[in-house]
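Here's the structure, in C-alpha cells; my notes come after.
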Number of protein chains: 2
Amino acid sequence: MGNLTLRQQEMLGFLQVFSQERGFWPSIREIRDHFGFNSTNAVVGHLRALENKGYLTCIAGQARSYRITYQNTETPPSDSLEVIDMPVYGNIPAGFPEGIEQGDAIDRIQVDIRSAGIRRSRRSFALKVRGDSMIDAGIFDGDMVIIEPALPNDGDIVAALIDGATTLKRFIKPRQKPPYLKAENENYPELHPVSELVIQGIARSIVRKL
Amino acid sequence: MGNLTLRQQEMLGFLQVFSQERGFWPSIREIRDHFGFNSTNAVVGHLRALENKGYLTCIAGQARSYRITYQNTETPPSDSLEVIDMPVYGNIPAGFPEGIEQGDAIDRIQVDIRSAGIRRSRRSFALKVRGDSMIDAGIFDGDMVIIEPALPNDGDIVAALIDGATTLKRFIKPRQKPPYLKAENENYPELHPVSELVIQGIARSIVRKL
DNA sequence: AAAAACAGTGATTATTTTATCACTATGGGC
DNA sequence: GCCCATAGTGATAAAATAATCACTGTTTTT
C-alpha cells in the first residue's frame with residue numbers, strides 16, 4: 001500500500017466525507033466540480049492512482065459505485081474495554097450517596113472505565129456542571145464531570161456539597177492545616193469551611209459535547 | 001407515512017440490504033434484474049410509491065442516489081444507550097481515514113453515541129490533542145477529541161490535515177470568501193489555505209482525563 | 001540528463017441510467 | 001358499474017456518466 005500524495009489524500013478524503021454525508025457516492029463530474037477541475041480526466045487519473053495503490057475499488061462502467069478498501073476496523077475488541085453506565089445528576093442532593101432516587105438523574109452516560117479513569121465497583125456518577133467557577137481549569141458550564149466517590153488528595157478537583165448544592169471545586173489540603181476549597185476562577189473567593197466539608201467524590205474526567 | 005404493500009416492503013428491503021452489502025446503491029436495472037421484471041418501469045413505479053409515502057428520497061436525474069428517510073425500526077431502546085468503540089489516534093496519517101493500520105491507533109475509547117454527540121454508523125474516531133492551539137476554546141494538550149467525518153460548517157472545530165499532520169482548528173467560512181482555519185489561541189496566526197483544506201472531520205465532543 | 005510519476009486540459013465516444021409515453025390487468029371500495 | 005391504487009410490459013427519448021485519446025506541463029527519482 002503505497003503512500004498517497006497530498007492531492008490523492010484530498011481525493012480520498014472527499015470521497016469519504018461525501019459518501020458519509022450524502023449517503024451515496026459522487027459522480028466523476030461532482031468530484032471534478034468540487035476540486036474545480038475543467039476536465040473529468042483529471043479525476044479519472046486520481047481514481048486510477050488510488051485504485052492502483054489499493055485504497056479504492058471502482059466498479060468499471062457503473063456510476064457512483066466505488067468501494068474504499070479499508071482494513072476492517074471492526075476487529076473484535078481485542079481486550080474489550082469495560083463500559084459502565086452512570087447516572088447524570090444536575091445536582092446531588094443532600095444525603096448522598098444514599099437515598100438518591102433513580103428519578104433524580106437527569107440523564108445517563110456510558111463510558112469505558114479506563115477512559116474515564118475510574119475504578120470498577122465504585123458508585124461513580126456524572127455531574128452536569130453549572131456555573132463558571134472552574135473555568136480556569138478548563139471546565140465550563142454544561143460539561144459533564146465524572147465523579148468517583150473517594151477521599152480526595154491535595155489538588156484534586158472534587159464535587160462538594162455547599163449550602164445544600166453540589167459544586168465543583170479544587171480541594172486544597174495544606175500541611176498541618178484544615179483543608180479548604182478553591183474555585184478556579186479569579187473572581188471567586190476561596191471557600192474555607194465554616195462548618196464541615198462534605199466531599200461527594202473526586203472528578204476523574206470531563207466529557208464535553210461541542 | 002402510509003402503509004407499504006408487500007411488494008413495496010420487498011423493494012425497500014432490497015435497497016437497504018444492497019446498499020449495506022455493496023456500499024453503493026443499485027441502479028434501476030439492477031433492481032429490475034433482482035426482481036425479475038422485464039421493464040425498468042416497474043421499478044420506477046415502486047420507487048415513486050415509496051417516495052410518495054415518505055420512505056425514500058430519490059435525487060432526480062442522478063444515478064444510484066437514493067436516501068432512505070425512515071427511521072430504522074431498530075430504534076435503540078431508550079433505557080440502554082448505544083455504546084460504540086472508537087480508535088484513538090495520536091495523529092491521523094496520510095490516507096485518512098481508510099487504510100489506517102490497526103497499529104496506528106494508540107488506544108481505544110468507548111462512549112455512548114448520545115453523550116458523544118455523534119450519529120450511529122459513522123466512522124468516528126478519537127484524536128489525542130497535541131499542543132495548545134485550541135486552549136482558548138477549552139481544549140488542552142492531552143485531551144481526547146471525538147471526531148465525526150462530515151462536512152464542516154462555519155464555526156465548527158475540525159480536524160484538518162496540514163503539512164501531513166493533523167491539527168485541531170476552528171473552521172471559518174466567510175460569506176463569498178474561501179474558508180480558512182483559526183487557532184483558538186491569541187499567539188497563533190490564522191491559517192489561510194495555501195493550497196487546499198483537507199478536513200478530516202468535525203469535533204463533536206471532548207473527553208479529558210484529569 | 002533522462003525517465004518516471006504526478007497533475008491537468010480539451011474533446012470525443014460509448015455506455016449506463018433515468019425518465020416518460022402508451023398500454024394491459026387485477027382487486028377493492030363506493 | 002366505475003374509479004383508483006397496485007403491478008406490470010414494451011419501447012423510446014433524454015440525461016448523466018464513464019472511458020478514452022492526444023497533448024502540456026511540473027516535480028521527483030534514477
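Chain naming here is simple, since letters A, B, ... match the order of the sequence lines and numbering starts at 1 in each. Computed from a predicted structure; not experimentally measured.
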Distance check: side-chain N/O of [X] vs OP1/OP2 of [N], anything under 4.0 Å?
{"X": "Gln62(B)", "N": "dA15(D)", "result": "no"}
{"X": "Arg7(A)", "N": "dG8(C)", "result": "yes"}
{"X": "Arg48(B)", "N": "dT20(C)", "result": "yes"}
{"X": "Tyr66(B)", "N": "dT18(C)", "result": "yes"}
{"X": "Arg64(A)", "N": "dT17(D)", "result": "yes"}
{"X": "His46(A)", "N": "dC6(C)", "result": "no"}

Please report the distance, rounded to the nearest Å, between [atom1] in [X] and [atom2] in [N].
{"X": "Ile28(A)", "N": "dT9(C)", "atom1": "CD1", "atom2": "C1'", "result": "16 Å"}
{"X": "Leu47(A)", "N": "dG8(C)", "atom1": "CG", "atom2": "C1'", "result": "14 Å"}
{"X": "Gln8(A)", "N": "dA5(C)", "atom1": "CD", "atom2": "P", "result": "13 Å"}
{"X": "Leu50(B)", "N": "dT6(D)", "atom1": "CG", "atom2": "P", "result": "10 Å"}
{"X": "Arg32(A)", "N": "dA7(C)", "atom1": "CZ", "atom2": "C1'", "result": "16 Å"}

Toward the 5' end of DNA chain C, by each residue's nearest nucleotide, Ala49(A) or Arg29(A):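 Checking each residue's closest nucleotide, the 5'-ward one belongs to Ala49(A).
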Taking salt bridge (charged side-chain N to carboxylate O under 4.0 Å, His left out) as the definition, give me every residue that meets it alongside [X], ordered by chain and number, with sequence neighbours left out.
{"X": "Asp156(A)", "answer": "none"}
{"X": "Asp33(B)", "answer": "none"}
{"X": "Glu30(B)", "answer": "Arg64(B)"}
{"X": "Asp141(A)", "answer": "Arg130(A)"}

Residues in ring-ring contact (aromatic ring centres under 6.0 Å, His included) contact with Phe35(B), at least two apart in sequence or another chain: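 Counting only residues at least two positions away or on another chain, Phe35(B) forms a ring-ring contact (aromatic ring centres under 6.0 Å, His included) with Phe14(B), Phe37(B).
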To the nearest 0.5 Å, what is the distance between [atom1] ([X]) and [atom2] ([Y])?
{"X": "Leu56(A)", "Y": "Gln8(A)", "atom1": "CG", "atom2": "CD", "answer": "11.0 Å"}
{"X": "Asn187(A)", "Y": "Asp132(A)", "atom1": "CG", "atom2": "CG", "answer": "7.5 Å"}
{"X": "Ile202(B)", "Y": "Ile147(B)", "atom1": "CD1", "atom2": "CD1", "answer": "9.0 Å"}

Overall bend - the helix from dA1(C)-dT30(D) to dC30(C)-dG1(D), comparing terminal axes fitted on five pairs, nearest 10 degrees: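 About 30° separates the two local helix axes.
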Which residues share a side chain to side chain contact (heavy atoms under 4.5 Å, CB included) with Arg48(B), sequence neighbours left out: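 Residues passing side chain to side chain contact (heavy atoms under 4.5 Å, CB included) with Arg48(B): Val44(B).
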Output all residues satisfying side chain to side chain donor-acceptor pair (under 3.5 Å) with [X], sequence neighbours left out; order by chain, then residue number.
{"X": "Asp136(B)", "answer": "none"}
{"X": "Asp154(A)", "answer": "none"}
{"X": "Asn41(B)", "answer": "none"}

Close approaches to DNA chain D from residues 33-42 of chain B, in residue order (heavy atom, under 4.0 Å):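 Within this stretch, Phe37(B), Asn38(B), Ser39(B), Asn41(B), Ala42(B) sit under 4.0 Å of the strand.
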Which protein N or O atoms sit under 3.5 Å from an N or O of nucleotides 25-30 of chain D?
none

